[in-house]
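Just below is one structure, and these are the notes that go with it.
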Amino acid sequence: MFKDLFGKPKYVTVRTRSKQEKEDNSPDSRLWTKCNGCKQIIFNKKLVENLLVCPECNYHFRLSARDRLAITIDEDSFQEFGQDIYSADPLEFPNYKEKLAKARVKTGLNEAIITGEATINGYPVVIGVMDFNFMGGSMGSVVGEKVTLAIERSIETRKPLILITTAGGARMQEGMISLMQMAKTSAAVKKLDEAGILYISIMTDPTSGGVTASFASLADIIIAEKGALIAFAGPRVIQQTINTSLPEGFQRAEFLLEHGMIDMVLSRHEIKDTLTSILKIHQVGVSNYD
Amino acid sequence: MTNNILDFEKPLLELSAKIKELQSFMDEKGLDLSEELMKLKERAAKLQREIYASLNTLQIIQIARHPNRPTAKDYINYIFDEFIELHGDRKFSDDKALIGGIGLIDNQPFTFLGHQKGKTTKENLSRNFGMAHPEGYRKALRLMKEAEKFNRPVLSLINTPGAYPGIGAEERGQAEAIARNLMEMSALRVPIIVVVTGEGGSGGALGIGLGDRIMMLEYSYYSVSTPEACAAILWKDSEKAGEAAEALKITAKALRELGIIDRIIKEPAGGAHQNPQEAAMFLKEAVLEEYRALSKLSPEELVNRRYMKYRQLGVYSEDINNATAGEILKEEVE
């Protein structure tokens, strides 16, 4: 719904884009937003200042990859790699080319993930951030390749890897080639594991399907953002299968913490500081060992 | 049997009924009509070839899902000289939808893994229609680690609509269980031979499907999503399943062409359900042949080759001019 609010000035145009909001698109809707959580009216200025978290109810709005990057890493520290890899259309799948073109225009990204090297409060990392606005953050050949490149860059530079995920799953338009990206990325994580490099996965709303069932779940430390939906099968599919209502809070970050699937749930404001602490503890350990 | 007849099999069944009729008429009257009989049989064989040569993807899916299609247990009975089933993930329970064990095929030990479907409703309920929970994938991993310890190759037979989408499965980490298997299978130091025998349903199939040689039976399918779900998601119309099935490229032939699988295993005339024993023999032959080739590699070579096999999977372009929709994007940028 919002696009790149924390990045360079050219991105600071608040645009409301969800279907819901289009319906009540009064002239004021560029100034304020109705919270999906508490339904209160919040001024966009306040919302942006609060990292797109509702100041009233703590509801976390989704972030674009560039905004997520902007609030996670040190200013001007990002050195992108893998930006010149573009999707092909191996199955010649109906309308895929058009959908890709639209996604590129809509997000200003070449694909559903951006990857690069950066620092977080001075600590060097390799980082990848996914974007749900790019075809639902789905993983096809390019996402699989860029995640693998990020892992390889981590092994090469011995910098910790941070992957921030949001995904609907495998990209259907690339069929089995997409499914195989699960195998490819998981195999690469195994290499990273053997090399003894720290890998932190941050799951944001929503992370599901083939991304959850591959690299996102294989990190040394798994963080989930408050309220994020994290699933293998989506709630709708499960409801259709079992034909009963789902428990309260099912598949939300807090539910996964309770079931032992993740290390912690953090609100958006806590993520950068917590990452810094983890990187600090880790680096002390590494230098003691050396 | 009679209620398990596929639409496109009907003309064939009518013809074989005629053949039977003629045969009994001959026997009854003591007449020699063997020439006519031969002609009819030839016609039936030709018809079968024609029908099976021009099956569309939805029809292949029907064969792959056929209730009489051989299950993992059928294959075990036909190809293993000796077999011991092993149970449980040592963490939560034993998953009956994904079975495993150890056995001998022509005096070569194998660790076996396979999704197990039932043939009757009762059996299917107890097997959860071949849809495994995390326990199934964790049992599989336990048995694979054991295989590695005792230097036994792994044979994995895939036949599942998908991993089970349920509350318990999510609570106990379906995604983590599948992801963990992929990670560990990528570096397992013994050969892994995978055969899709029926349905290859997405992550649930891949969860025991990463290996050195990936094969598919002629009339099986392997897909990122069921065509029904794909049509519902992309076109909001599950009636377009036929279109989705073709577009997704999920048949053995299409996936061989895409380089996703290594080999297609032939099925008996009319599909594996017409002659399970012969189907099992074709499968056994292929598995042993692939195993003999893989057994010559050192564990290091094996693992390196397996890694490279998956590392290079993916189709993309590094030049925006060749990229999909590059034209449109360039215009937009300019």
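Letters A, B, ... mirror the listed sequences (proteins, then strands); counts begin at 1.
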What residue in A:G169, A:G140, A:G144, A:A188 has the most heavy-atom pairs under 4.5 Å with chain B? A:A188
Just give me the residue among A:L218, A:T212, A:I177 that pairs up with chain B most often, heavy atom to heavy atom, under 4.5 Å.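 That would be A:L218.
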Do the side chains of A:M180 and B:I260 get nearer than 4.5 Å, heavy atoms only? yes
Side chains of B:L210 and A:M182: does their closest heavy-atom pair fall under 4.5 Å? no
Is it the backbone or the side chain of B:L248 that comes under 4.5 Å from a heavy atom of chain A, or both, or neither?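 Both parts, heavy atoms under 4.5 Å.
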To the nearest 0.5 Å, atom OG of A:S214 lies from atom CG of B:L206 at 9.0 Å
To the closest 0.5 Å, what do you measure between CG (B:L313) and OG1 (A:T148)?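 Rounded to the nearest 0.5 Å, the CG-OG1 separation comes out at 10.5 Å.
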Is chain B contacted by the side chain of [X], its backbone, both, or neither, given a heavy-atom distance below 4.5 Å?
{"X": "A:T241", "answer": "side chain"}
{"X": "A:Q83", "answer": "neither"}
{"X": "A:F215", "answer": "neither"}
{"X": "A:M172", "answer": "both"}
{"X": "A:E258", "answer": "neither"}
{"X": "A:E194", "answer": "side chain"}

What is the minimum heavy-atom distance between A:F93 and B:W235, and which atoms define it? CE2-CZ2, 4.2 Å
Show which side-chain atoms of residues 163-171 of chain B pair as donor or acceptor with protein atoms under 3.5 Å away, not counting sequence neighbours.
unit_1, atom_1, unit_2, atom_2, d
B:E170, OE1, A:F232, N, 3.0
B:E170, OE1, A:Q251, NE2, 2.8
B:E170, OE2, A:A233, N, 2.9

Sort by residue number and list every member of [range] having a non-hydrogen atom under 4.5 Å from chain A.
{"range": "residues 177-192 of chain B", "value": "B:I178, B:A179, B:R180, B:L182, B:M183, B:E184, B:S186, B:A187"}
{"range": "residues 215-233 of chain B", "value": "B:Y222, B:S223, B:V224, B:S225, B:C230, B:I233"}
{"range": "residues 302-312 of chain B", "value": "B:N304, B:Y307, B:Y310, B:R311"}

Could you check whether atom CD of A:E80 has more than 12 heavy atoms from other residues, nucleotides or ligands sitting under 6.0 Å from it? yes
For A:Q79, is the CD atom crowded, meaning more than 12 foreign heavy atoms sit under 6.0 Å from it? no
Has A:S141 got a side-chain atom pairing as donor or acceptor with B:V315's backbone, closer than 3.5 angstrom? yes
